[in-house]
Amino acid sequence: MIRSPLMTVMTDAVMKASRSLKRDFGEVENLQVLAKGPGDFVSKADHKAEQILRESLEKARPGYGFIMEESGVVHGTDESNRWHIDPLDGTHNFLRGIPHWNISVALERDNQFIAGVVYDAAKDEMFMAEKGKGAYVNNRRLRVSGRNEPADMLIGTGIPHIGKGGHGQFLRELAAVMPRFANVRRMGSAALDIAYVAAGRMDAYWERGLNTWDFAAGAVLIREAGGTFGSLDGKPITSARDIICGNEAGERALAAALKTAAA
């Protein structure tokens, strides 16, 4: 694929941050970890990667705003553009030496997500998409799966951790999903799981209580790979918390199953 100037800016920033994270991942037992809340941890690696991303993106696109997991909202002079950044998605996996984590960066322009990068540094897989230009992993074009029968579909999700709430609702929804689909996966990284749906590795995905930095890049990937991406809470995607996505048949079947759990 031929990378646009915007995609080059995004992938260059992600690669710079990934070098820092990969060094820390190799020494994960020595990381200083601070408790951010019950079951939710943040490490020095997180903050360092976010700083690298911010500095790189600010230099390339001065004036753009930021929405960041660790540092919050930073308003830019250019009110039409803002970055959504998760410097380390899958922190629990990272801190335990499990090689399933990523860096996620997306660009919102005029209230639409228009470009996204999800980089799985441990496996060196760069998922990237730009509105109207397709979705790719490294240099291979991505397409959502062509499966149409729920009994053949693999569904992804996220389980609410300790202190998050919503456990009862999740159990009801899981009970509605399990009998209808081949199997369910919870792999611990929303952005990477959504990228897997775009790659056809899973057929649909849902999760509640997310933030935009968790799924903004994935929303672009899914749509550019021919899938559908929507909200379960009725909010616009740029402010949603509860999301659902998949190939068209998968998202429709998953939405129908979740609806029965709410009845």
Fill in: Over-ring placement of Arg223 relative to Phe229, 6.0 Å and 45° cut-offs
no
Discussion item. Rounded to the nearest 0.5 Å, what separates atom SG in Cys245 from atom CD1 in Ile237?
Written reply: 9.5 Å
Item to complete: Using the salt bridge (charged side-chain N to carboxylate O under 4.0 Å, His left out) rule, pick out the option among Asp233, Asp214, Asp242 that qualifies with Arg208.
Response: Asp242
Discussion item. Are Val220 and Met128 connected into the same hydrophobic cluster when the rule is that any two of I, L, V, M, F, W, Y join if their side-chain heavy atoms are below 4.5 Å apart?
Written reply: no
Worksheet item: With no hydrogens and no angle check, is any side-chain donor or acceptor of Thr157 less than 3.5 Å from a backbone partner on Trp206?
Response: yes
Discussion item. Could you tell me if the side chain of Leu21 sits less than 4.5 Å from the side chain of Trp101, heavy atoms only?
Written reply: yes
Discussion item. Taking Leu53 as the starting point, is it possible to reach Ile114 by hopping between hydrophobic residues whose side chains are less than 4.5 Å apart?
Written reply: yes
Fill in: Glu108 vs Thr238, side chain to side chain donor-acceptor pair (under 3.5 Å): CA-CA, chis, key distance, verdict
CA-CA 8 Å; Glu108 177 191 352; Thr238 51; 4.6 Å; no
Practice prompt. Please step through side-chain contact (heavy atoms from CB on, under 4.5 Å) for the pair Leu107 and Trp83, ending with a clear verdict.
Written response: CA-CA 5 Å; Leu107 179 62; Trp83 302 106; 3.7 Å; yes
Worksheet entry | Ring geometry between Phe94 and Phe25 (parallel below 30°, tilted from 30 to 60°, perpendicular above 60°) | tilted
Worksheet item: Going hydrophobic residue to hydrophobic residue with side-chain gaps under 4.5 angstrom, can you get from Ile67 over to Phe215?
Response: no
Practice prompt. Please name the pair of heavy atoms, one in Val105 and one in Met10, separated by the smallest distance, quoted to 0.1 Å.
Written response: O-CE, 3.4 Å
Worksheet entry | Side-chain heavy-atom pair Trp213, Met68 within 4.5 angstrom cut-off | no
Fill in: Between Ser71 and Arg54, a side-chain donor and acceptor under 3.5 Å
no
Fill in: Sidechain N-carboxylate O distance under 4.0 Å for Asp24, Lys48
yes
Worksheet item: Are side-chain heavy atoms of Asn81 and Arg61 found at a separation under 4.5 Å?
Response: no
Discussion item. With a 3.5 Å distance limit and no angle check, can you tell me whether Asn247 reaches the backbone of Gly227 through a side-chain donor-acceptor pair?
Written reply: no
Worksheet entry | Of Ile222, Ile243, Leu154, Leu254, the residue whose pairing with Tyr205 passes side-chain contact (heavy atoms from CB on, under 4.5 Å) | Ile243
Discussion item. Can a donor-acceptor pair be found, under 3.5 Å and without considering hydrogens, that links the side chain of Asp78 to the backbone of Ser80?
Written reply: yes
Practice prompt. Please step through side chain to side chain donor-acceptor pair (under 3.5 Å) for the pair Ser104 and Asp89, ending with a clear verdict.
Written response: CA-CA 7 Å; Ser104 178; Asp89 181 39; over 6 Å; no
Worksheet item: For the residue pair His84 and Phe113, does the interplanar ring angle fall in the parallel (under 30°), tilted (30 to 60°) or perpendicular (over 60°) class?
Response: perpendicular
Worksheet item: What closest approach, in Å, do Arg147 and Met153 show between heavy atoms, and which atom pair accounts for it?
Response: O-CE, 3.3 Å
Discussion item. Lys133 vs Leu6, test: side-chain contact (heavy atoms from CB on, under 4.5 Å). Steps then yes/no.
Written reply: CA-CA 12 Å; Lys133 297 182 179 180; Leu6 172 60; over 6 Å; no
Worksheet item: Side-chain heavy atoms under 4.5 angstrom apart, residues restricted to Ile, Leu, Val, Met, Phe, Trp, Tyr: same cluster for Met202 and Leu221?
Response: yes
Item to complete: For residues Ser239 and Lys235, report the shortest heavy-atom separation together with the two atoms involved.
Response: O-CD, 3.5 Å
Worksheet item: Should Met126 and Ile85 be regarded as members of a common hydrophobic cluster, given that ILVMFWY residues are connected when their side-chain heavy atoms come within less than 4.5 Å of each other, either directly or indirectly?
Response: yes
Discussion item. Let me confirm one number: the CG-CG distance from Asn102 to Leu88, rounded to the nearest 0.5 Å.
Written reply: 8.0 Å
Item to complete: Output the distance between atom CZ (Arg143) and atom CD (Glu224), rounded to the nearest 0.5 Å.
Response: 9.5 Å
Worksheet, complete the sentence: Distance col, row Glu207:CD vs Ile194:CD1, nearest 0.5 angstrom, shows 7.5 Å
Worksheet entry | Note, Pro236 side chain near Asn111 side chain (heavy atom, < 4.5 Å) | no
Item to complete: Using atom types as modelled and distance alone, determine if a side-chain donor or acceptor of Ser56 lies under 3.5 Å from a backbone N or O of Ile52.
Response: no
Item to complete: Go through the steps for Met187 and Tyr196 under the test side-chain contact (heavy atoms from CB on, under 4.5 Å), then give the verdict.
Response: CA-CA 11 Å; Met187 300 172 75; Tyr196 277 22; 3.9 Å; yes
Worksheet entry | Glu248 side chain vs Thr228 backbone, donor-acceptor pair below 3.5 Å | no
Item to complete: Hey, could you give me the NZ/OG1 distance between Lys16 and Thr11, rounded to the nearest 0.5 Å?
Response: 10.5 Å
Worksheet item: What's the shortest heavy-atom distance between Glu125 and Tyr119, and which atoms?
Response: O-CD1, 3.3 Å
Item to complete: Kindly compute the distance separating CD1 (Ile155) from CZ (Arg186), expressed to the nearest 0.5 Å.
Response: 16.0 Å
Worksheet item: Any side-chain heavy atom of Tyr64 within less than 4.5 Å of one from Leu57?
Response: no
Fill in: Side-chain touch Asp193/His100, heavy atoms, less than 4.5 angstrom
yes
Worksheet item: For the side chain of Glu50 and the backbone of Glu70, is there at least one donor-acceptor N/O pair under 3.5 Å apart?
Response: yes
Practice prompt. Would you check if the side chain of Arg241 reaches a backbone N or O of Leu210 as a donor-acceptor pair within less than 3.5 Å?
Written response: yes
Worksheet item: Taking all non-hydrogen atoms of both residues, which atom of Ala225 and which atom of Ala135 are closest, and how far apart?
Response: N-CB, 4.0 Å
Worksheet, complete the sentence: Shortest non-hydrogen pair, Gly134 vs Arg141, comes out as CA-NH2, 3.5 Å
